[in-house]
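Have a look at the structure below before the remarks.
We're numbering straight along the sequence, starting at 1.
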Amino acid sequence: MAGRLSRGGTAAGAGAVALGAVLAACGGPGAGGVGAGSAPAPAGGGAAAGTTVTVRMTEYRLTLSTTTFRPGAHTFVAENDGHTLHSLEIEGRGGDAHLTHGVEPGRSARLRITLKDGSYELYCPVDGHKGFGMKTEITVGGGGVAQGDRSRAGREAGQ
């Protein structure tokens, strides 16, 4: 069953894809969607500078490879280990970024963003997945996962 991203309509989606392609081609900040779902992400950190964070996406949870974040360039490798289409969006005080395409099961995509001090929400924007709990919060520069994180903090406590 194919999912759909919940961001806007067809015209808005086409505009976002075109804008993402332009930003990716120009190497602009937050050029999310570089290789978005088109091919598996290569192993290792690649040529990108900064911190690489793996985001394991399953039904309906996000699992991060780290809980400590410092300001600076980050590459989030969104790995779809689930059985349906997923995607990744990051919103926060320091900026927003999103993949321009969904990530098919068994595939991965990279999302680059420069994080600043503050809180960020990471979530899957596909078909209401965020409402099913496929979200988490991080705090940059302040010590890791925010207290309101239902997705990760509960799992770490064994719940």
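- Pairs engaging residues 75-87 under the salt bridge (Lys or Arg N to Asp or Glu O under 4.0 Å) rule: R56-D81 [sequence neighbours left out].
- Taking 4.5 Å as the limit, some side-chain heavy atom of V77 sits within range of a side-chain heavy atom of T52.
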Working note: K130 + E121, criterion salt bridge (Lys or Arg N to Asp or Glu O under 4.0 Å); need CA distance, chi angles, decisive distance, verdict. CA-CA 11 Å; K130 178 180 177 181; E121 182 178 43; 3.1 Å; yes
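- Closest approach of I113 and A97 over heavy atoms only: CD1-CB, 3.9 Å.
- Between the NE2 atom in H101 and the CG atom in L85 there is a gap of 11.5 Å [rounded to 0.5 Å].
- A distance of 14.0 Å separates CE of M57 from OH of Y123, quoted to the nearest 0.5 Å.
- Partners of P71 under the side chain to side chain contact (heavy atoms under 4.5 Å, CB included) rule, at least two apart in sequence or in another chain, are D117, V140.
- The two residues T68 and T66 make their nearest non-hydrogen contact at N-OG1, 3.3 Å.
- Looking at M134 and H86, their side chains come closer than 4.5 Å, going by heavy atoms from C-beta outward.
- A heavy-atom distance below 4.5 Å is found between the side chains of F69 and L64.
- Contact of the L122 side chain with the F76 side chain is registered, since non-hydrogen atoms from C-beta on lie closer than 4.5 Å.
- T75 OG1 to R110 CZ: the interatomic distance, rounded to the nearest 0.5 Å, is 6.5 Å.
- For the atom pair CG of N80 and OG1 of T58, the computed distance is 8.5 Å after rounding to the nearest 0.5 Å.
- When only modelled atom types and interatomic distance are considered, E59 and H129 share no side-chain donor-acceptor pair under 3.5 Å.
- Between the side chain of S87 and the backbone N or O of G102, no donor-acceptor pair lies under 3.5 Å.
- Considering only heavy atoms from C-beta on, L88 comes within 4.5 Å of V55 through its side chain.
- Within the 4.5 Å cutoff, the side chain of E91 has heavy atoms near those of the D96 side chain.
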What verdict does the side-chain contact (heavy atoms from CB on, under 4.5 Å) test give for L111 and I90, after you've listed the backbone C-alpha separation in whole Å, the side-chain angles of each residue and the deciding distance to 0.1 Å? CA-CA 9 Å; L111 178 60; I90 302 172; 3.7 Å; yes
